[in-house]
Amino acid sequence: MLRLALSTLRFRKAGFTATFIALLVGTAIVMACGGLMQTGISPRVPPQRLAEAPVVVAGDQHYNLPPTNPGTEDEDHESATLPERVRLDASLGAKIAAVPGVAKVVPDVSIPATLPADPDVKLVRGTALGHDWATAELAPYSLTDGRAPQRSGEVVLDQATAAATGVASGGSVQIAVRGGVRPFQVVGIAVAGGKMASDAVFFSHEDALALTPATGQVDAFGVLPTAGTDPAALSTQIANAVRDQHAVALTGVARGTAEFAQASDGGEILVILAAVFGGLAVQVALFVVASTLGLSVQQRRREVALLRAVGATPKQVSRMITAESMVIGVLATVLAAFPGELLGNWLFDRLSGFGVFEPVLAYHQDWIPTAAGVLVGLLSAWGAGFVAARYAGRTRPVEAMQELVSPKRWLTSFRLWWGIGSLIGGVALAYLTITVMDGPLAASTAGPAVTLVAAAVALFAPGITRLMVAVLRVPVRAVSGLSGYLAMANARVRWLPMSGAVVPVMLATTLAVFMLYFQTTQVESAKQKYASNLSADAVVTSSTGDVGTGLLDKVRSLPGVGTASAYVTSKGYNEKPSDSGQDEDGLALTGVTGDAVAKTRAAELASGSLNDLQGNTIALPVDNANRLHVKVGDEIGLRLGDGAQVRLRVVATLRSAPSFATALMPAGTLAPHTTDGIASQVLVTAAAGTSVSQLMTTLDGLAQASPGVQVANRDTLTAKFVQEQEANAWVNYLVVGMILLYAAISVVNTLVLSTAHRRREFGLQRLAGSSRGQVLGVMAVEGMVVAVIGVVLGTAVSLAMLVPFSQAVSDSWLPYGPLWIYAVVVLLAVVVSMVATLFPTWLAVRGKTSIAMLSPE
Amino acid sequence: MYQSGQPSTDAVTLRSVTKFYGGNRARVVALDGISVSFARGSFTAVMGPSGSGKSTLLHCAAGLDQPDSGTVVLADQDLGRLDEAALTRMRRDHIGFIFQQFNLLPSLDVVDNVTLPLRLAGKRADPALVNRIIEQVGLGGRRGHRPGELSGGQQQRVAIARALVSRPHVTFADEPTGALDTTSASEILDLLRTAVRAERQTIVMVTHDPVAASYADRVLFLADGQFAGELHEPTVDEVARGLTALSSRASRLGRDGRNTVGTVR
């Protein structure tokens, strides 16, 4: 059987190529997603600035959530990465230095430092992190020019910063640091040994001590061992020495987490993304491979019938088809390994470029994603082969002798039950999406939901196509004359193969319309929610950390300012009592000024008073308070973002929109427990009788007078928010685009396959006196009918899913988004269908008319 | 007629076979209770006007199609009692087929096409026998050619070789010369007659061509799905006259308003 299958494959290049391409591309996408997933599951963050220190001691960012059901069987140990930098006591350095084998301990501190690009100090170029020059040797940074900073007021810039500001050694530069914008003298330029995620500015040891966000504390220690000391053994000894100091000793690639504690969170996003799109790719691959394989088997019906007539049992025919698909499967999946890894790498770079995760993660994949991809590819080939083989096995031998007629019965029990099953699955997932999922997670169930419904439509496609052909017959004939008449006559008998071409067009349209408008609807609804929850008319941002010290009071005293509140965000975890609904995302915390929010957020207040938000106090969202069974006046134990445990008195409960639910704390209490150590923003509302533009004028005046201060109004803030959302959107566009490209390949595949097969029919038409143009004309109408049916079905399926989703996320039945997206999708579907139909037709009728055209293929 | 316990002298026997086509509303009778048998080592031509049921007769006799009533006995087996797998084995082991066209798998060469039924049966073909038969049908120099590289007549020779190589109980030929020119057709018919005379093969051939039918030992006429006469050792003229008589009878019946070809109530 295998030999028979092989010789058939060699002979049927078109069908072989179509299935091969479908499987190759599908498997490559699955492998790429597998690579992304592996990178996400075990995120690798290579050390950068501390790369030269074989051992790095850093604060332990790992946090075990309190068990949700303590003492029971299903005690659930979730863990999280603390969102703020866990700092170490500077005195720990001496303890580490005392460990035998340690040659040198270098404390590392990162200092927020911003370099204004122009001398007016209005534009902030971007944040560079300042460091003590003593840590430069750990990267290693080496001086290309000048000397090391020795006294206060001296800095060394890295090459990128120097190039961007145009300051050379010996020049002077304004740097916004804690306490204000100060001039520094550039004494040298340094270059990094490797790739660095952020620009660096090096201060003298003296300045570094003064500017550090948390006095007496350091971010990490770089440890240099004496010659001949094994880093792994040393790290164990150091770990023993710093035990109970919430510190960890890191070696190898793990050292990167000391620099980029949050970077591994990007892994989680990667896992979700890879799972969602990998799953989608698997579904599409199954779909596409099944349809190309099915079509190629359909076209060989006479051959299969002949085999049956001369003595092949249904089982033998099935085995032959399965063997064929498995041969293609093995070839395609094995060959996919190379493009798969390339694609994974490429996708990773794009995602990193879109800012989906910090660009410090390193892409890595071993044999597991490749093996998984091969397995998935083979399973798809087998599954698709199984369906096609069942169909082929049912071929009646007598068909070998008859003119081929389309079978009247298409609704096999297989189609019926799988169709109904897919429909139920799709509706269930849609229901889940609407009721349970929110935000970016919704896409993880929305995608599969819509593909399942599309799968159901695909299974019922023959019947639907037949119906649509009947509906379209009259209008098409009315507008396209003889070509239309002939095309519709063809369509009336060829509805079964036609439905095979409709399916990929439908699938591509469904995915495109649904995914793109789902995205735009989500962004729009998030924007509206953001705007309605934005309780400020303007935001003043300071890069010099003076909000706590004087800026807030300064803003308050300005004319026309109604309220002004400090603003800082973080996350915390409920510990006493623990929150059963709490996950690794914890509780959003916002640091504010009590008396100001008492006015701006009065509408949200459920109980208590926000005026009491002073000292160790908190205002909880109502849902949270209910789950904790606490009320105003109770005390709760909270773990803050830097790992500190605090006891806070509940002074109020708040009713807020679920996606913006946050607990409020006094900014002065919360800010010291953040990485920056300070609040950097002031939310301002206009006083009654003052217009927003008047307020903005006043605030702009303040910004002019205070270097390092920026002012933004509502629109700027909303625009910035939308921009952030759109970074996510681009990820969606990228991956949806990739899958669409795949679907488009399958459209071309299917149409080319089904058109090329009709060479004999075109020959007959030509012999009967049709001109080349007339044959092409007929096929153009057929291609158009396929495109129209596909687009109509795709639109119907995507709308059927979009409407409830949009109702769920935005309280409007109408999905939001520009109409041109739809126009482009439709146009592309039509163009691809037409080209894929007409090109092979043209190839077939290009030569001279001869009787040879009538020979059987 | 076939008696149980004793091997029959008939290769195939049809008893009161009826076959309808179409749904309940437009039902067409293709075979109307026909009984006929084909002796071993005979060469029978089945003739009749279009729609007389000759192809259906062939399909039912060969187990390609199931009759709606009546029995078909082939190689001492009642085909109606066999399931699909057993029927397939029956075709593979005991029946040869030659169709008008599309006889061969385009991807296989001459030898592979000839040995296909044997391979499907999991048997090894005897190379000497295969070679002899391929030589016999005059394709000695074309063993490795694919159907696309052969003329229509050559393709039919491959089909004959395939039908002969498994030494079938009976070979059914459906218009085997229908798509050929006169010269090729007579060569093919000679081959078939030789197979019967020299190899003791049994052949049932459906044709509408009196010349083709004249090569047979016996010509069976069908009309309206019923037996309508037969000729033994016929000449072309006799066959042609018989066919004309049948056609005029059919048209007369049509004018008389009685059962037109195949339709019932």
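Chain letters run A, B, ... following the sequence lines, proteins first and then strands; every chain starts at 1.
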### Task
Please assess B:T88 against A:R308 for the test side-chain hydrogen bond (donor to acceptor under 3.5 Å, both in side chains), listing each intermediate value before the final yes or no.
CA-CA 7 Å; B:T88 306; A:R308 292 277 291 113; 3.1 Å; yes

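Under the 3.5 Å distance criterion, the side-chain polar atoms of B:E84 are left unmatched by any main-chain donor or acceptor of A:P314.
Contact record, A:A309 with B:F99: CB-CZ, 4.0 Å, taken as the closest heavy-atom pair.
Put simply, of B:R162, B:E175, B:R89, the one with the most heavy-atom pairs under 4.5 Å next to chain A is B:R162.
Between B:L116 and A:L307 there is a side-chain heavy-atom pair separated by less than 4.5 Å.
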